[in-house]
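Data first, discussion second: the structure below is written as structure tokens.
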Amino acid sequence: MQIEKFLSLKSNSPVNQNSPFKESKEAISSVCIIGGGLAGLTAAIHLAQKKIDVVLFEKNNYPKHKVCGEYVSNEVLPYLNSLGIDVFEHGAKKIYNLNLSHQNGKTLEQQLPLGGFGISRYALDRLLAEKAKEKNVNIIHDEVLSIDFINDSFQITSKEQHIHANFVICAHGKRSGLDKTLDREFIHEKTPWIGIKAHYKSKKFNENLVELHNFQGGYCGLSMVENGHINLCYLVHQKEFKKFKSIEKFNQHGLTDNPYLKSFLEQAEPAFEKHLSISQISFQNKPTVKNHVFFAGDAAGLIHPLCGNGMAMAIHSAKLISEEIVLFFNSTHKSRKAVEQAYQKKWEYHFKKRLFYGKVIQKILLHPKLSSTLINLISGSPFLLKQIIKQTHGKPIDA
Ligand SMILES: Cc1cc2nc3c(=O)[nH]c(=O)nc-3n(C[C@H](O)[C@H](O)[C@H](O)COP(=O)(O)OP(=O)(O)OC[C@H]3O[C@@H](n4cnc5c(N)ncnc54)[C@H](O)[C@@H]3O)c2cc1C
């Protein structure tokens, strides 16, 4: 059903016979997705489930570790189940409580309103990729270099081939070379944020807990993943990080600013040979549609990691754009513009406020006095913490 609307495009988008590129068999796909992380793979599975043909480019191979806190909000569970994914079959840990600590030693533990689960990106991305392949998504392991919109369809050029598609969803994450080609504004501004992650082995960690500990210039999350390892992942301002010059030194002298992190690191054993790191993490606003390209997941906007909601937002945004594309192919939306407007509106409705509250909370948590006051207030009023969490999370996403 998906190609009929665009049949005329086939002849309008001839492939250059002298092109040095290998022509893909799927010369015109209904949807091309760039980036096979959570947003890209979820959209691919959703669309394939609705019998829409999808080609997805991912520059890396699966499985692969990624810098991420690996705590996922339960709001995505009903939707993931509708896509045939059961994370608990793959060992995900159920998380009910949040333990929060301040560098001054104050701590508190409270039940999370919705709760969540712990699973590594190594396992989760692979699980989704396998499901996508099972649904006949064509996954191409290659890096996309450019996207051109010509005669109402797209030409997507990767290192090794080019293909044509009627719709493009860019789900290439926080930052990619592609953002330069697409001339996205945020890419021209430097940001001071660095993300660092590694897995540890520890016998003393409660698997049903997610911990969040602040320290001078940043904060660190701890939670257990499917194989019993503890994921330690932190965000730090480069000004503080530079004082110690290396990850090892920062772990020894910067993180241990917080007594809870100090005692964790004293008894935990590293499970990774090396920590993973990323820099230039941008929390700037980004357009969700540009030159008819849709953006989903972090490519559309990244919430501050302390909220523990980026993965749920990536999955949810994939659902939103997929639904609008399905409405186009079943003729409910009559034009490309209608799809674009509907997606923009829904994205803003679901996520704009969450991003705003995330910014405010990060500012407070990084301010030594304000964060101490906040922890005092929360200790006296569990209701307040629940309200804060609610502002940065969504409701369970229906199938
Ligand atoms: C320090 C830190 C801690 C975090 N902790 C949490 C947490 O505990 N809970 C939570 O919910 N969220 C957390 N997040 C946020 C979460 O990691 C992201 O929101 C989530 O990974 C977004 O998924 P995505 O699919 O948009 O992007 P990604 O998972 O980054 O996927 C993008 C994919 O695109 C591919 N790609 C990029 N460019 C190209 C190209 N040109 N061609 C082909 N492929 C390409 C990449 O290889 C990658 O696989 C954290 C973020 C940070 C920085």
Side-chain angles (χ1 to χ4, degrees), residues 32-44 55-76 95 98 116-121 124-126 128-129 139-147 156-160 169-182 191 193-197 210-212 218-223 225 231-236 275-283 286 295-318 351 354-355 358 362 392-394:
C32 174
I33 299 175
I34 295 144
L38 298 183
L41 287 167
T42 304
V55 57
L56 180 149
F57 282 93
E58 167 53 51
K59 65 180 179 181
N60 292 313
N61 290 319
Y62 303 106
K64 193 173 185 292
H65 285 291
K66 280 183 176 169
V67 174
C68 181
E70 301 182 335
Y71 163 82
V72 193
S73 163
N74 274 345
E75 69 203 56
V76 297
I95 296 178
L98 167 71
F117 56 92
I119 188 166
S120 69
R121 295 301 300 274
L124 184 56
D125 289 27
R126 177 169 60 183
L128 291 173
I139 299 185
I140 300 173
H141 287 284
D142 195 3
E143 182 175 353
V144 170
L145 303 175
S146 64
I147 303 163
I156 299 103
T157 305
S158 70
K159 279 185 178 162
E160 292 191 4
I169 303 174
C170 269
H172 55 263
K174 295 171 253 313
R175 199 178 191 89
S176 160
L178 194 55
D179 289 311
K180 277 193 191 144
T181 324
L182 297 175
T191 91
W193 297 107
I194 300 171
I196 294 169
K197 165 241 178 94
V210 56
E211 299 190 1
L212 184 66
Y219 50 85
C220 175
L222 291 172
S223 55
V225 294
N231 180 34
L232 172 142
C233 182
Y234 59 92
L235 186 83
V236 57
H275 286 69
L276 307 179
S277 65
I278 49 170
S279 59
Q280 294 294 326
I281 303 170
S282 172
F283 299 103
K286 300 169 182 171
F295 295 89
D298 285 358
L302 173 62
I303 190 163
H304 286 271
L306 68 100
C307 302
N309 204 242
M311 289 192 274
M313 281 177 53
I315 291 169
H316 194 173
S317 65
F351 307 127
R354 274 190 235 187
L355 291 177
Q362 165 143 319
T392 55
H393 285 65

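All ligand and atom numbering here is 1-based and tracks the order in the structure. In this text the structure is predicted, and so the values were computed from the model without any measurement.
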Distance dump, ligand 1 polar atoms to protein, N/O, under 3.5 Å:
residue: ligand 1; atom: 5 (N); partner: G69; partner atom: N; Å: 2.7
residue: ligand 1; atom: 8 (O); partner: E70; partner atom: N; Å: 3.4
residue: ligand 1; atom: 8 (O); partner: Y71; partner atom: N; Å: 3.4
residue: ligand 1; atom: 9 (N); partner: Y71; partner atom: O; Å: 2.7
residue: ligand 1; atom: 11 (O); partner: Y71; partner atom: O; Å: 3.4
residue: ligand 1; atom: 11 (O); partner: G310; partner atom: N; Å: 3.2
residue: ligand 1; atom: 11 (O); partner: M311; partner atom: N; Å: 2.8
residue: ligand 1; atom: 12 (N); partner: G310; partner atom: N; Å: 3.4
residue: ligand 1; atom: 12 (N); partner: M311; partner atom: N; Å: 3.3
residue: ligand 1; atom: 19 (O); partner: D298; partner atom: OD1; Å: 2.7
residue: ligand 1; atom: 19 (O); partner: D298; partner atom: OD2; Å: 3.3
residue: ligand 1; atom: 19 (O); partner: G310; partner atom: O; Å: 3.3
residue: ligand 1; atom: 21 (O); partner: R121; partner atom: NH1; Å: 2.7
residue: ligand 1; atom: 25 (O); partner: L38; partner atom: N; Å: 2.9
residue: ligand 1; atom: 25 (O); partner: A39; partner atom: N; Å: 2.9
residue: ligand 1; atom: 26 (O); partner: D298; partner atom: N; Å: 2.8
residue: ligand 1; atom: 29 (O); partner: K66; partner atom: NZ; Å: 3.1
residue: ligand 1; atom: 29 (O); partner: R121; partner atom: NH2; Å: 2.7
residue: ligand 1; atom: 31 (O); partner: K66; partner atom: NZ; Å: 3.4
residue: ligand 1; atom: 38 (N); partner: S176; partner atom: OG; Å: 3.0
residue: ligand 1; atom: 41 (N); partner: V144; partner atom: O; Å: 3.0
residue: ligand 1; atom: 42 (N); partner: V144; partner atom: N; Å: 3.0
residue: ligand 1; atom: 44 (N); partner: K59; partner atom: N; Å: 3.2
residue: ligand 1; atom: 47 (O); partner: E58; partner atom: OE2; Å: 2.7
residue: ligand 1; atom: 47 (O); partner: N60; partner atom: ND2; Å: 3.3
residue: ligand 1; atom: 49 (O); partner: E58; partner atom: OE1; Å: 2.7
residue: ligand 1; atom: 49 (O); partner: E58; partner atom: OE2; Å: 3.2
residue: ligand 1; atom: 49 (O); partner: K66; partner atom: NZ; Å: 3.0

Please name the pair of heavy atoms, one in [X] and one in [Y], separated by the smallest distance, quoted to 0.1 Å.
| X | Y | result |
| --- | --- | --- |
| Y71 | M311 | O-CE, 3.5 Å |
| D125 | L41 | O-CD1, 3.5 Å |
| L145 | L178 | O-CD1, 3.6 Å |
| N231 | C68 | ND2-O, 2.8 Å |

### Message
Do I278 and K174 make a side-chain contact, defined as non-hydrogen atoms from C-beta onward lying under 4.5 Å apart?
### Response
yes

### Query
Which class fits the ring pair H304 and F283: parallel under 30°, tilted 30 to 60°, perpendicular over 60°?
parallel

